[in-house]
2 protein chains.
Amino acid sequence: MTTRTATERRARAKVEYDAFLATCPSRQLLDRLSDKWVVLVLCALGGEGGDGPGAPRAMRYSELARLIAGVSQKMLTQTLRSLERDGLVTRTVVATVPVTVSYELTDLGESLHGTTRLLRAWAQDHMDAVLARREEHDAAS
Amino acid sequence: MTTRTATERRARAKVEYDAFLATCPSRQLLDRLSDKWVVLVLCALGGEGGDGPGAPRAMRYSELARLIAGVSQKMLTQTLRSLERDGLVTRTVVATVPVTVSYELTDLGESLHGTTRLLRAWAQDHMDAVLARREEHDAAS
DNA sequence: CGGAATCCTAACCGATACTG
DNA sequence: CAGTATCGGTTAGGATTCCG
């Protein structure tokens, strides 16, 4: 039983590692944030919609769609659903005709929004350096 | 010329927004970080490889492959190449036989590693709450 | 207005095999 | 040892159409 092929060992390692990845908190967070639109929705609901920061506020579906101009309604809906599922935004339906739906950050959502701002800060401070390195590197090819 | 169809307007908005997304620093950073293995490589080179933090250090290709057990060599190479391109890691080749290659974080890379730690902190503090909300939500379906 | 359902394509990514 | 090259399955996500 000590005779295991390299392939078997690799397969085993993979399973264990996948399990680790699946349960690692920071990976779970990154999987969430890596969704192209999550951060933008967070920004919009966090009040950073119209140039410059503002107070977090509730927004209607169509407001979000207009503000985050490039998003398809499929992705916007999908993003909002997953954020709602994770307790980061609330979804409120008012039974007018036609129906009115508004979204708002929860406390948890605002907390996450605060963290994404730190990311943004790093990006704003260092991303130009990264891009410069990239150009240098490409030029030196 | 003021008569534009909704489709035309949407197409226009999409192009503009894609351009915005492509040049927005925080989006560029997130695109980088969203790569499944980037953060793990950063952690490994940052010294968080063998449980608990350590000092950043240079590592060989095979060391990384062993530490980040689940990664395919294709993805590891691809990840390292892109990190090198962005000036976040250095690649050093020593012409022994067989050849020896080692990778190390640059200052920029260490700086980014520091930021990903903040993410990890948020994840560790709040991710359980998120998961709890998720289960509640799924149960209430 | 705020979606849901369907179709369809491009990109990603793992597995495998080969190389200097 | 440290890769490159290629193939094939899976999936993300856009466009479109329909619905309460």
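Proteins come first, then strands; the chains are lettered A, B, ... in the order of their sequence lines, and each starts at number 1.
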Next on the checklist: Using whole Å, what does the distance between atom P of nucleotide C:dG2 and atom CD1 of A:Ile68 come to?
Outcome noted: 14 Å

Checklist entry - Between A:Met75 and A:Val99, which has a closest nucleotide on DNA chain D that is more 5'? => result A:Met75

Checklist entry - Considering heavy-atom distances to DNA chain C, does A:Lys74 or A:Leu80 have its closest nucleotide positioned more toward the 5' end? => result A:Leu80

Item to check | A:Leu64 CG to C:dC1 P, straight-line distance once rounded to whole Å | outcome: 14 Å

Next on the checklist: How many whole angstroms separate atom CD of B:Glu84 from atom P of D:dA2?
Outcome noted: 15 Å

Item to check | Under-4.0 Å side-chain N/O to phosphate OP1/OP2 contact, B:Ser62 with D:dA2 | outcome: yes

Checklist entry - Does any N or O in the side chain of B:Thr106 come within less than 3.5 Å of the main-chain N or O of B:Leu88, such that one atom is a donor and the other an acceptor? => result yes

Checklist entry - Looking only at heavy atoms, which two atoms of B:Glu48 and B:Arg117 are closest? And how far apart? => result OE2-NH1, 3.2 Å

Checklist entry - Hey, is the side chain of A:Tyr61 poking within less than 4.0 Å of OP1 or OP2 on C:dA4, counting only N and O atoms? => result no

Checklist outcome for this item: Correct closest heavy-atom pair for A:Ser34 and B:Ser34 would be CB-CB, 3.1 Å

Item to check | Between C1' of D:dA12 and CG of B:Asp31, the distance in whole Å | outcome: 14 Å

Item to check | For atom CG of A:Leu76 and atom C1' of D:dA15, their distance in whole Å | outcome: 16 Å

Item to check | Pairs flagged by salt bridge (Lys or Arg N to Asp or Glu O under 4.0 Å) wherever residues 29-44 of chain B is involved - sequence neighbours left out | outcome: B:Arg27-B:Asp31, B:Arg32-B:Asp35, B:Arg32-B:Asp86

Next on the checklist: Any base atoms under 4.0 Å from A:Gln78, or only sugar-phosphate, or nothing? Heavy atoms, all strands.
Outcome noted: nothing

Item to check | A:Gln73 side-chain proximity, nearest of D:dT4, C:dA5, C:dC1 | outcome: C:dA5

Checklist entry - Atom CE of B:Met59 to atom P of D:dA2: distance rounded to whole Å? => result 11 Å

Checklist entry - Under 4.0 Å between a side-chain N/O of A:Arg60 and OP1 or OP2 of C:dG2, yes or no? => result yes

Checklist entry - How many Å lie between CG on B:Asp35 and C1' on C:dC13, as a whole number? => result 11 Å

Checklist entry - A:Arg81 has a side chain; which of C:dG14, C:dC1, C:dA4 sits nearest to it? => result C:dA4

Next on the checklist: From NZ of A:Lys36 over to C1' of C:dA11, roughly how many Å is that when rounded to an integer?
Outcome noted: 12 Å

Item to check | Taking every non-hydrogen atom, the tightest pair across B:Ala44 and B:Met59 | outcome: O-SD, 3.6 Å

Next on the checklist: Between B:Arg91 and D:dG3, is there a contact of a side-chain N or O with OP1 or OP2 at under 4.0 Å?
Outcome noted: yes

